[in-house]
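The structure under discussion appears below in the form of structure tokens.
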Amino acid sequence: MTDNIKVKSDTTPVKIQPAKSSKDKARSGSNQIYVRAVQGIYQTVRRRMGFVFMGLFMLLPWLRYEGHQAILLDLAEQQFTIFSVTLWPQDLMLLAWLFIISAFALFFVTTFLGRVWCGYMCPQTVWTFIFIWFEEKIEGSRHQRMKLDQQPMSVTKFRKKFLKHFFWIAFSLHTSLTFIGYFTPIGDLYLDFFTFSAGFWVSFWVIFFTFCTYGNAGYMREIMCTHICPYARFQSAMFDKDTFTVSYDAARGEKRGPRSRKVDPKEKGLGDCIDCNLCVQVCPTGIDIRNGLQYECINCGACIDACNGVMDKMGYQPDLISYTTERKLEGGKTKLLRPKIIGYGIVLLVMLTLFANAMLHLQSFDVDIIRDRNQLFRENFDGRIENTFTLKLMNKSQHESTYLLTATELADEFEWVGPQQVKVKAGDVASVPISIRVAPEYLAEDINDFYFEVKFKQPGQKPETLYEESRFFNRF
Ligand code: SF4
Ligand code: SF4
């Protein structure tokens, strides 16, 4: 019991001694998990991906496009602007498709690689990672944090706790403002909030999301993943024997036990696991992967990095814990292509193709024809039959446009009464009342089908024509 092992990332010496209980080691008496820092290939990937996603999240609402905020989901105006595309409530089907595509992408990736979404991309994990980073920079390593929490309040302890909560709250507030900046112009939001001139509801939501971020990433952490997030519960439905999950090679690791680096484990009847408990100490959900696959595991790979560090120090082969499949651990060969993967892949591909097609044919304009509901037709003082409509012209583009209106497939004797050229501002709806009238002797039928024709041209684009079917009613 005299040998010490150092893991690359952490300078705290680790005594090789049997673990009493995995949970004892991961949690304090208050059941709080003190996550130990670790470095390795998977943590580097996690950190870089976290930076990329965090950077995108923070920067995207600040991007400008043709003089306006490039991404603005304006709920009050019911318009979602994404660069040159504006989605209206009529286009919300596209958002529903997007959710379905995301769900199938998640099924596909989970069947193939387990819960990598949770470990590498989920905002809960990324934000928790950042909060732990603040904690470690201010309060020190896992061991120092545990010691600090056991100490009575002192000036040093107060200063460290105050600084930690200050940075947590500041980062939560920044997160909240950025998030709300996707729904309201972000420049004005920052200005209004910090000059106390923001409206009640805006201030309420900013404080609400600040509180949620602070609570989730500061305190809830793994509780969110293990008790609240529904994904953890239904993931097993997507797993099969060929899904890559973080697993401990029990055949190689057992019988576990401490030993000196110089001792041949075979002589002592031991496997490669030295029972140092590092894999438990670095686990953000506080589990012991040596107990087998557990629903709490978010596939983050921290235990792999920790164990590989130990294996390196001991001069053993790496990957006692690794991303592997149940079939491989049983001595078989992992099947990459299997019916479930192929099925999810095909559905995903079809959905993506349909979505791309719908996006490519997204109209920058829409028209609604509303007939006068009180009177299908009326007879004028001069005996002519008249039908009245309201044309709702929706300019879904980001430029002012002029629309030319007419009716087709009606005889020349039909008269259009109302404007035939209408200008509509970008993102605006114009209501155009019009009537069509004709002398009764030109009406061969009681119901005459015809089309409203709307021609329009966007700057720099080809002219387009839209037809909307309607009916002209005669007296019955
Ligand atoms: S699996 Fe690896 S990290 Fe975990 S206790 Fe065994 S040797 Fe240590
Ligand atoms: S068991 Fe390993 S992979 Fe799973 S959550 Fe814990 S550290 Fe991450």
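All residue numbers in this chain count up from 1 along the given sequence. Atoms within a ligand are numbered from 1 in the order they appear, just like the ligands themselves. Note that the structure is predicted; figures quoted are calculated from it, not measured.
- Close approach to D275 involves these atoms of ligand 1, each under 4.0 Å from a residue heavy atom: 5 (S), 6 (Fe).
- Between F208 and W205, the angle of the ring planes goes over 60°, which puts this pair in the perpendicular group of the 30/60° scheme.
- The closest approach between R290 and ligand 1 falls below 4.0 Å for a heavy atom of the residue.
- Close approach to N277 involves these atoms of ligand 1, each under 4.0 Å from a residue heavy atom: 5 (S), 8 (Fe).
- For atom 8 (Fe) of ligand 1, the closest heavy atom belonging to the protein is C276 SG, 2.4 Å.
- Scanning the protein for heavy atoms near atom 7 (S) of ligand 1, the closest one is I274 N, 3.5 Å.
- Nearest to atom 6 (Fe) of ligand 1 among the protein's heavy atoms is C273 SG, 2.3 Å.
- With salt bridges taken as basic N to acidic carboxylate O contacts below 4.0 Å, none links E136 and K160.
- Ring geometry, F112 versus F244: the interplanar angle exceeds 60°, so the pair is classed perpendicular (tilted spans 30 to 60°).
- Counting only protein atoms, the N, O or S atoms lying less than 2.8 Å from atom 2 (Fe) of ligand 2 are C303 SG, ordered by chain and residue number.
- Aromatic pair W127/F57: centroids less than 6.0 angstrom apart.
- Taking the six-membered ring where the residue is Trp, F194 and Y190 present tilted rings, their angle falling between 30° and 60°.
- Salt bridge present: K161 and D149 bring a charged side-chain N and a carboxylate O closer than 4.0 Å.
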Inset, instruction - Start with the C-alpha distance between V310 and K313, add both sets of side-chain angles, then the distance that settles side-chain contact (heavy atoms from CB on, under 4.5 Å), and finish with yes or no. - result: CA-CA 5 Å; V310 176; K313 294 286 172 197; 5.7 Å; no
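- Taking the six-membered ring for Trp and thresholds of 30 and 60 degrees, F104 and F107 have ring planes more than 60 degrees apart, a perpendicular arrangement.
- For residues 295-324, the pairs satisfying ring-ring contact (aromatic ring centres under 6.0 Å, His included) are Y42-Y323, with sequence neighbours left out.
- Atom 2 (Fe) of ligand 1 has as its closest protein heavy atom C307 SG, 2.4 Å.
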